[in-house]
Amino acid sequence: MMREKGSASCEAGQILLEVLLAFSASLLVLSAIIIGITTSLSNTQYTKNQNLANSYAKEGMAVVRQIRDSSSWNNFSSLEDYTTNTRYCIGSNPTELKKLDVLNCLAQSPVGKIFSREVVFDHDSPDCSAGIPPTPTPTPTTIPKGSKVTIIVSWSDNKCPVGDPFCHKVELITCFSNIDQKQAP
């Protein structure tokens with residue numbers, strides 16, 4: 001009878017070990033599923049924010065285009081109005097740009113609590129001279145240069161490292177010139 005008792009004890013230990021292994025395998029599979037879902041949700045949120053940032057950049061370029069169209073080319077490209085390599089914010093009034101006086105435009109931005117929209121001008125940019133016909137002058141022909149405008153939309157999320165709150169960004173760059181300016185009647 002002693003043998004049977006030891007054998008039953010061994011069998012019970014084997015069943016306990018099988019239950020623990022099955023439980024461990026179940027936890028492992030469940031953990032993998034949870035990590036997969038969490039990663040998928042995080043990637044979905046990033047893609048959503050990136051699409052919003054692209055939309056906000058396009059809106060920002062439309063604001064700059066509206067400012068260019070509502071003023072003369074000389075006012076738009078002059079150094080007094082929008083200086084080269086100075087960052088401007090698109091604020092709550094989208095027909096004016098405010099000079100950036102803080103780290104980012106988040107406080108002045110009407111596009112959400114995580115986005116910052118900035119505008120940078122580069123007047124007489126050599127990047128904006130290709131394809132523009134030379135101006136007719138009696139002196140040797142010079143190629144006019146346009147204004148390069150860069151819209152930068154930055155945002156933050158829980159993936160940004162400490163000290164770099166806006167670690168994601170979308171840039172939209174275009175050149176403006178006086179060639180496609182509406183002529184006054």
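Atom set for the values below is all heavy atoms of this structure, side chains included, hydrogens, waters and symmetry mates excluded. Numbers for residues simply follow the sequence, beginning at 1.
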message: Hydrophobic clustering (ILVMFWY, side-chain heavy atoms < 4.5 Å, transitive) - are Ile35 and Leu27 grouped together?
response: no
Atom of Phe176, atom of Thr174 and distance for their closest heavy-atom approach: CE1-CG2, 3.6 Å
task: Answer yes or no: is there a side-chain heavy-atom contact under 4.5 Å between Thr44 and Lys48?
output: no
field: Nearest heavy-atom neighbours spanning Ser116 and Phe166
entry: CB-CE2, 4.1 Å
- request: Give a yes or no on whether Ile90 and Leu172 share a hydrophobic cluster (residues Ile, Leu, Val, Met, Phe, Trp, Tyr; joining criterion: side-chain heavy atoms under 4.5 Å apart).
  value: yes
same_hphob_cluster(Ile152, Leu52) at 4.5 Å side-chain heavy-atom cutoff: no
- request: Return yes if some donor-acceptor pair links the side-chain N/O of Thr38 with the main-chain N/O of Ile34 below 3.5 Å, else return no.
  value: yes
- prompt: What are the two closest heavy atoms between Met61 and Val149, and how far apart are they?
  reply: CE-O, 3.7 Å
- prompt: At what distance, to the nearest 0.5 angstrom, does CG of Leu16 lie from CG of Leu21?
  reply: 10.0 Å
field: Spacing of CG belonging to Leu30 relative to CZ belonging to Phe23, to within rounding of 0.5 Å
entry: 9.5 Å
message: According to side chain to side chain donor-acceptor pair (under 3.5 Å), who are the partners of Ser55, at least two apart in sequence or on a separate chain?
response: none
message: Taking Gly36's backbone N and O only, do any of them form a donor-acceptor pair with Ser40's side chain (distance below 3.5 Å, no angle check)?
response: no
field: Heavy-atom donor-acceptor pair, Arg117 side chain to Tyr56 backbone, under 3.5 Å
entry: yes
task: Check the pair Lys169 / Val153 against side-chain contact (heavy atoms from CB on, under 4.5 Å), numbers first and verdict last.
output: CA-CA 5 Å; Lys169 72 178 179 178; Val153 179; over 6 Å; no
message: Suppose we screen for side chain to side chain donor-acceptor pair (under 3.5 Å). Which residues come up paired with Ser147, at least two apart in sequence or across chains?
response: His123
message: So, taking the atom named OG1 in Thr150 and the one named CD in Glu171, what distance separates them when rounded to the nearest 0.5 Å?
response: 6.0 Å
message: Please say yes or no: joined through hydrophobic side-chain contacts below 4.5 Å, possibly via intermediate residues, are Phe115 and Val170 part of one cluster?
response: yes
field: Within one Ile-Leu-Val-Met-Phe-Trp-Tyr cluster: Ile33 and Leu41, side-chain cutoff 4.5 Å
entry: yes
- request: Would you tell me whether Asn49 and His168 have side-chain atoms, one donor and one acceptor, within less than 3.5 Å of each other?
  value: no
